[in-house]
Amino acid sequence: MVELQIDGKTVQVAEGSVVIQAAEQAGTFIPHFCYHRKLSIAANCRMCLVDIEKAPKPMPACATPVTQGMVVHTKSDRAIKAQKAVMEFLLINHPLDCPICDQGGECQLQDLAVGYGGSASRYEEEKRVVFHKDVGPLVSMEEMSRCIHCTRCVRFGQEIAGSMELGMSQRGEHSEIEAFVGETVDSELSGNMIDICPVGALTSKPFRYQARTWELSRRKSISPHDATGANLMVQVKNNRVMRVVPLENEEVNECWIADRDRFSYEALNSEDRLMQPMLKQNGEWITVDWSTALEYVANGVQQIRADHGDAALGCLASPHSTLEELYLATQFMRGLGSDNIDTRLRAADFTHEGKVRWLGTSLASLSTLDTVLIVGSHIRKDQPLLAQRVRQAARRGAKVFALNEKAFDWAMPVAHTVIADPSVWVQSLADIAAALAQLKNTQPPVAGNAHAPGVQTIAAALVSGERKAILLGNAAAHHAKASGLLALAQFIGQQAGCIVGYLGEAANTVGAQLVSARPLGQGKHAAHMLQSTSIKAMFLLHTEPQHDCAVKQHRLDTADMVVTLSPFKTNLDISDVLLPVSPFTETAGTFVNTEGRAQSFHGVVKPLGETRPAWKVFRVLGSMLGLAGFAFETIEQVRAQALPADIASRLSNETHASIDLTPATQAPVCASIYQLDALVRRAPALQMTADARVEVDHG
């Protein structure tokens, strides 16, 4: 530790710290623009100049390492004069357009100009003008004359997103931040550049000119998309979601969110929203009230039970549903005597040993790994924030290995990728297990080729590292031999001392397992239900079979009644009833992320039209049908029943599954980045991105 004085206050900080970090620890604010605690030091703006005793001139606090006995003055005449001089230079070319700037009210330059700017400028020449750039549908670079060349956006791309999409060209007064050779900004984390821009140079294109920051109410929420559980700040005006930004949580998403977390809110007010219950009569959709719709459903359920038995009822629920919705959907089906409920919509292997599959470690620990083997995942697109964690580990020297159908661009160094057709992934993982067994002088669980290309390198790295993990991605979880892949990963983990875990597909993949939203006995799993003609009443909770299910040729048209519970007008060709249920912004709920962290949230706006929370719909239906255990008044009461007291005791990736080396006949089905759920599929800006265009091109 190093001891120094800042404005007369003694501070102890770690050796290697810089003055601005010591000041933060002491509670002393030093004005700055280019410094960001998650990015490398650039010392571009010089706004953080401070007075250090025995130094010949003011020194930049962000780039000056602390030394024992250092004495720093941040508010001396010398320091203030230097800071005001820098501010004068920054304002020389900055346009005076605060009244129309989207950043007004939350602009760092605007805030600091109040304290450090002059009342008049000594500069009388014309201000420079920088031509606007079009870098895609998400980030606006319309007013680059505001840029102060802090290079935060450049460093974010290089260091966090992993791709240098922006850079600085020219020199001196001709310097410009731009995407070179007419390229667009296509990172799945690009929206974070908007947050870290200290001026109004980079703004949100969808939010542009929609509202002023002081008009917005700020409400906390949780991302409903991938299994990270990113913390969000949802900004609202006139009961309408206007913008979504990150809520800092160092243990989960740090200060970043993925673009689908940020921009999917556009779907909430789309023309596709279902505002009132609807029934199909003689092939035509008519609008009805809730009483009529619920009576129709209740009568239909009773008639089908009488004619075909309880086993004729089924429910497919999206793992993006809240814990409370899934719990009551499960209790509803079991109360009716049916075990036909499932959330594993894209799975092909439905083997289950009663254990809750999870990441196997904390999210934060991914940043400290020394070695990681990722199996069956395009992690950069499937889980952008988890990929960012692994990327930080790779920047620190971690070795990243992969087993995939092709070599994906993960925007990080990958030491070696074993490329194999998904049908033989079990054999490929068996080869790695054989190489490891050879190193450990033990027997592998099944026969494998220990001399296959690259496997000895992977085995050696897994044995030699200290903090190691084997992570199974969406394609591995949805694989026809998923249980065999897990069994082999478990063997490798035991022999090499590795963490074994699933990256997790959806916001509530773990939560769905906790409430047992799957067949427990002889019930039909998702694929069976979709292919069966014996299911006569099907409930679809936040589910669109054509997008969300591995089985595309379903038999739902043979059902007597299909009830869709969705915020959107969807499944029109197969449904008989549409019930408008709330998206995550209009209901309270809980998501359990891939590390087993339960995060509850409240609705941030009132339900649109006649929309109702899905948990209330199941509660009312359960009461109408005379089922026990549906007398809930509040969501807190549902949560108390649904959420286990000790989640950690339920989490386990241990398996006793057998390993079959026969090639799989069915390829894993995975959703691409902007097709994952109903919200992202209906967000116009996300559907105009390069990633979405690739999805369309490839069908």
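Side-chain atoms of S532 come within 3.5 Å of backbone atoms of S534 as a donor-acceptor pair (strictly under, hydrogens ignored). For the pair R612 (side chain) and S582 (backbone), a donor-acceptor distance under 3.5 Å is absent. With hydrogens and angles disregarded, no donor-acceptor distance shorter than 3.5 Å links the side chain of R260 to the backbone of V680. One N or O on the side chain of H478 and one on the backbone of N474 form a donor-acceptor pair closer than 3.5 Å. A donor-acceptor pair is defined here as one N or O able to donate and one able to accept, closer than 3.5 Å; such a pair exists between the side chain of R389 and the backbone of V252. Side-chain N or O atoms of T611 include one that pairs as donor or acceptor with a backbone N or O of L608 at under 3.5 Å. No donor-acceptor pair closer than 3.5 Å links the side chain of T184 to the backbone N or O of D186. A donor-acceptor pair is defined here as one N or O able to donate and one able to accept, closer than 3.5 Å; no such pair exists between the side chain of T543 and the backbone of L540. In this structure, N249 contributes its side chain and N253 its backbone to no donor-acceptor pair below 3.5 Å. For the pair N508 (side chain) and S321 (backbone), a donor-acceptor distance under 3.5 Å is present.
In this structure, the side chains of D557 and D573 stay at 4.5 Å or more apart for every pair of heavy atoms. Two residues are said to be in side-chain contact when any heavy atoms from C-beta on lie closer than 4.5 Å; L514 and I647 meet this criterion. Residues N653 and L359 fail the side-chain proximity criterion, which asks for heavy atoms closer than 4.5 Å. Under the 4.5 Å side-chain criterion, counting only non-hydrogen atoms from C-beta, I341 is in contact with R334. Taking 4.5 Å as the limit, every side-chain heavy atom of I222 sits out of range of all side-chain heavy atoms of F584. Using a 4.5 Å heavy-atom cutoff, the side chains of L472 and L503 are not in contact. Counting only heavy atoms from C-beta outward, the side chains of M624 and E295 approach each other to under 4.5 Å. Residues H542 and V581 have side chains in contact (heavy-atom distance under 4.5 Å, counting atoms from C-beta outward).
Across every non-hydrogen atom of A506 and T509, the tightest pair is N-OG1, 2.9 Å. Nearest heavy atom pair, residue E610 against residue P277, reads CB-CD, 4.3 Å. Heavy atoms only, all atoms of each residue included: R273 and L268 are closest at NH1-O, 2.8 Å. The minimum heavy-atom distance linking A161 with L189 is given by the pair CA-CD1, 4.1 Å. When all heavy atoms are compared, the tightest approach of A685 to P206 is CB-CG, 3.7 Å. When all heavy atoms of R346 and V669 are compared, the closest pair comes out as CB-O, 3.6 Å.
Summarising the geometry, atom NZ belonging to K616 is positioned 9.5 Å from atom CD belonging to E633; distances are rounded to the nearest 0.5 Å. Put simply, CD on Q388 and CD1 on I257 are 13.0 Å apart, with the number rounded to the nearest 0.5 Å. Atom CG of L578 is separated from atom CZ of F568 by 13.0 Å, given to the nearest 0.5 angstrom. Atom CE of residue M333 and atom OG of residue S338 lie 4.0 Å apart, to the nearest 0.5 angstrom. Within the model, atoms CE of M233 and CG of L247 stand 4.5 Å from one another, a figure rounded to the nearest 0.5 Å. A distance of 6.5 Å separates CD in Q675 from NE2 in H547, rounded to the nearest 0.5 Å.
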Inset, instruction - Could you go through the side-chain hydrogen bond (donor to acceptor under 3.5 Å, both in side chains) check for D421 and S423 one step at a time? - result: CA-CA 5 Å; D421 188 89; S423 63; 2.7 Å; yes
Legend entry - From CA spacing to verdict: side-chain contact (heavy atoms from CB on, under 4.5 Å), D102, Q210: CA-CA 9 Å; D102 255 17; Q210 296 298 304; over 6 Å; no
Legend entry - Derivation and outcome, side-chain contact (heavy atoms from CB on, under 4.5 Å), residues V241 and V244: CA-CA 8 Å; V241 175; V244 175; 4.2 Å; yes
Legend entry - Test log, rule salt bridge (charged side-chain N to carboxylate O under 4.0 Å, His left out), inputs K481 and D349: CA-CA 6 Å; K481 295 181 180 294; D349 180 352; over 6 Å; no
Legend entry - R681 and E544: CA distance, side-chain angles, deciding distance, salt bridge (charged side-chain N to carboxylate O under 4.0 Å, His left out) verdict: CA-CA 11 Å; R681 290 194 286 265; E544 298 174 294; 2.6 Å; yes
Inset, instruction - Would you sort out whether D677 and H225 count as a side-chain hydrogen bond (donor to acceptor under 3.5 Å, both in side chains), showing the intermediate values? - result: CA-CA 7 Å; D677 57 66; H225 303 303; 2.7 Å; yes
Inset, instruction - Applying salt bridge (charged side-chain N to carboxylate O under 4.0 Å, His left out), run through R305 and D310 and close with a yes or a no. - result: CA-CA 5 Å; R305 291 176 75 192; D310 298 340; 2.9 Å; yes
Inset, instruction - Go through the steps for D691 and T689 under the test side-chain hydrogen bond (donor to acceptor under 3.5 Å, both in side chains), then give the verdict. - result: CA-CA 5 Å; D691 279 325; T689 61; 5.3 Å; no
Inset, instruction - Evaluate side-chain contact (heavy atoms from CB on, under 4.5 Å) for V617 paired with L294, printing each intermediate quantity in order. - result: CA-CA 8 Å; V617 176; L294 292 176; 4.1 Å; yes
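Taking the ring centroids of F618 and Y327, they lie at or beyond the 6.0 Å cut-off. Ring centers of F601 and F591: under 6.0 Å apart, within the cut-off.
Side chains of N299 and Q303: no donor on one and acceptor on the other come within 3.5 Å. Donor-acceptor pairing under 3.5 Å is lacking for the side chains of Q641 and Q331.
Look at D409 and R380 and you find a salt bridge, because one of the NZ, NE, NH1 or NH2 atoms lies within 4.0 Å of a carboxylate O, short of that distance. Salt-bridge annotation for E586 and K606: absent, with no side-chain N of the basic residue lying under 4.0 Å from a carboxylate O of the acidic one. A salt bridge links D272 and R682; the closest N-O separation between the charged side-chain nitrogens and carboxylate oxygens is under 4.0 Å. Salt-bridge check for R262 with D195: passed, with a basic side-chain N closer than 4.0 Å to an acidic carboxylate O.
Between I535 and the options H308, R555, M529, a side chain to side chain contact (heavy atoms under 4.5 Å, CB included) holds for only M529. When each of E324, Q599, E325 is paired with T590, the side chain to side chain donor-acceptor pair (under 3.5 Å) condition holds for E324 and for no other. Exactly one residue among V288, V577, V563 makes a side chain to side chain contact (heavy atoms under 4.5 Å, CB included) with Y296. That residue is V577.
Qualifying ring pair (Phe, Tyr, Trp, His ring centres under 6.0 Å) partners for H528, counting only residues two or more places apart in sequence or in other chains: H525.
More than 12 heavy atoms of other shown residues, nucleotides or ligands fall within 6.0 angstrom of atom NZ in K355.
Cation-pi contact between R619 and F630: absent, since separation from the ring centre below 6.0 Å together with deviation from the ring axis within 45° is not met.
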